Amino acid sequence: MTPLKNDTFLRALLRQPVDYTPIWMMRQAGRYLPEYRATRSRAGCFMDLCQNPELACEVTLQPLDRFPLDAAILFSDILTVPDAMGLGLYFTEGEGPHFERPVRTRDDIRRLGVPDMVADLGYVMKAVALIRRELGGRVPLIGFSGSPWTLATYMVEGGGSKTFARSKAMMFDQPALMHELLALVAAAVTQYLNAQVASGAQALMIFDTWGGSLTPRDYREFSLAYMARILAGLTREAEGLRVPVILFTKGGGQWLEAMAETGCDALGLDWTTDLGDARRRVGGQVALQGNMDPCLLYASPERIQAEVATILASYGPGTGHVFNLGHGIPPDVAPEHAEALVTAVQELSRPYHATTYPGGG
């Protein structure tokens, strides 16, 4: 593989010295970019775009051609794993994802199996390998998956949900059944992420989008425990380098200490958690990623720059911070505002590293 020209993102995740705070954006390849919309139109539909390695590579690289970002993230969807388990994923315009065959009973669960990473998910691995080749060492490539709890909610509900009524009913009334499902999904996710590393991913992120919907007790038992199980089974070194893992629970700021104990290298934060407070709580143990409110990208470039300055000051000097949004970039944001964010981070963050990086500043 081609050596990395810019490894700032990886070094920050490992809390090694850097000369500025690296930045990437969740959903940085997405509908806010006109070039993405053009590629998606050519693909025909969202899943056809995900399942076409050449087009997935194309949209992964698009934001990097626009902005001086410090990482690329595989263009895919968290629901590829349950889809490969045979649940029949489809998307309805304006409604989001649905499954033709949701998981509601013990028989439903026992009909499932861990997908074959070549036969069932080979299109993802081909995309990872192609993106690594086309990146040519410009920046690292992030692979990812949804967390077992998040994936299980979609599998049981049959799609998205505001209340998670079916999922929580199973969790409360039939906890052993939910544990059986979560254990199977965790095994699949572990193999899925390891296959991404084998194909060329240089960092990993686990998206626990719906863990914040749980009580503290249930979060530890039904979400965090299974992410810890995945972390214990992951490939943590490839090509002679550490493969850092970022754990992100949306709405999980109250559980940072427990999350840091899983063995991850970094925690993703949403905008409801103060970055400076998070650093005081766990910054000596893990790196932190985040955490600007995505809706600030609707504001003026001047206001975006001011918010960047506030967030950087909150974290303070030194390494261990990857700048990001607290969730995905909204689809109707002006690309110029995303550019203002990236530029502000790279310009304003350098003084915070001048004393920790030889020659920095």
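Quick note: residue numbers are just sequence positions, from 1. Model, not experiment: these values are computed from the prediction.
Side-chain contact between T80 and Y192 is present, with at least one heavy-atom pair separated by less than 4.5 Å. Proximity of L89 to P82: side-chain heavy atoms (C-beta onward) are nowhere separated by under 4.5 Å. Taking 4.5 Å as the limit, every side-chain heavy atom of T319 sits out of range of all side-chain heavy atoms of Q16. Between P216 and R220 the shortest side-chain heavy-atom distance falls below 4.5 Å. Using a 4.5 Å cut-off on side-chain heavy atoms (C-beta onward), E257 and Q285 make no contact.
Two rings, from Y352 and Y315, have their centers 6.0 Å or more apart. Aromatic ring centroids of H353 and Y20 lie 6.0 Å or more apart. Between F99 and Y154, a ring centre-to-centre spacing not shorter than 6.0 Å is recorded.
Neither side chain, T8 nor D70, offers a donor N or O lying under 3.5 Å from an acceptor on the other. A donor-acceptor pair shorter than 3.5 Å can be found between the side chains of D108 and T105. For the 3.5 Å distance criterion, the side chains of S145 and Q196 fail to qualify, holding no donor opposite an acceptor.
Within 6.0 Å of CZ in R166 there are 12 or fewer heavy atoms belonging to other residues, nucleotides or ligands. More than 12 heavy atoms of other shown residues, nucleotides or ligands fall within 6.0 angstrom of atom NZ in K5. The environment of CZ in R31 is sparse: at most 12 heavy-atom neighbours from other residues, nucleotides or ligands sit within 6.0 Å.
Note on ring orientation: taking the six-membered ring where Trp is involved, the planes of F207 and F248 are perpendicular (angle over 60°, cut-offs 30° and 60°). Ring geometry, W24 versus F9: the interplanar angle exceeds 60°, so the pair is classed perpendicular (tilted spans 30 to 60°). Taking the six-membered ring where tryptophan is involved, the planes of F46 and F91 are perpendicular, since the angle between them exceeds 60° and thus also 30°.
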> Step by step, would you call H327 with D270 a side-chain contact (heavy atoms from CB on, under 4.5 Å)?
Replying inline: CA-CA 6 Å; H327 203 239; D270 67 19; 5.8 Å; no
> After noting the C-alpha distance and the side-chain angles of F75 and Q62, does the key distance pass the side-chain contact (heavy atoms from CB on, under 4.5 Å) rule?
Replying inline: CA-CA 11 Å; F75 181 81; Q62 285 169 350; over 6 Å; no
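With values rounded to the nearest 0.5 angstrom, L33 atom CG is found 7.0 Å from I329 atom CD1. Rounding to the nearest 0.5 Å gives a distance of 8.5 Å between OG of S213 and CG of D208.
For the pairing with P140, the side-chain contact (heavy atoms from CB on, under 4.5 Å) check across L4, V243, L135 returns one residue only, L4. Each of Q28, E336, E35 was compared with R66 under the side chain to side chain donor-acceptor pair (under 3.5 Å) criterion, and only E35 meets it.
Residues M85 and P115 approach most closely at CG-CG, 3.8 Å, considering heavy atoms. Of all the heavy atoms in M155 and L181, the pair that sits closest is CE-CD1, 3.9 Å.
In this structure, R111 does not pair ionically with D107, as no charged nitrogen and carboxylate oxygen lie closer than 4.0 Å. Between D7 and R11 there is a salt bridge, since at least one side-chain N of the basic residue sits less than 4.0 Å from a carboxylate O of the acidic one. Comment: K168 does not engage D218 in a salt bridge, judged by the lack of any side-chain N to carboxylate O separation of less than 4.0 angstrom.
Using modelled atom types, no side-chain atom of N6 and backbone atom of V139 make a donor-acceptor pair closer than 3.5 Å.
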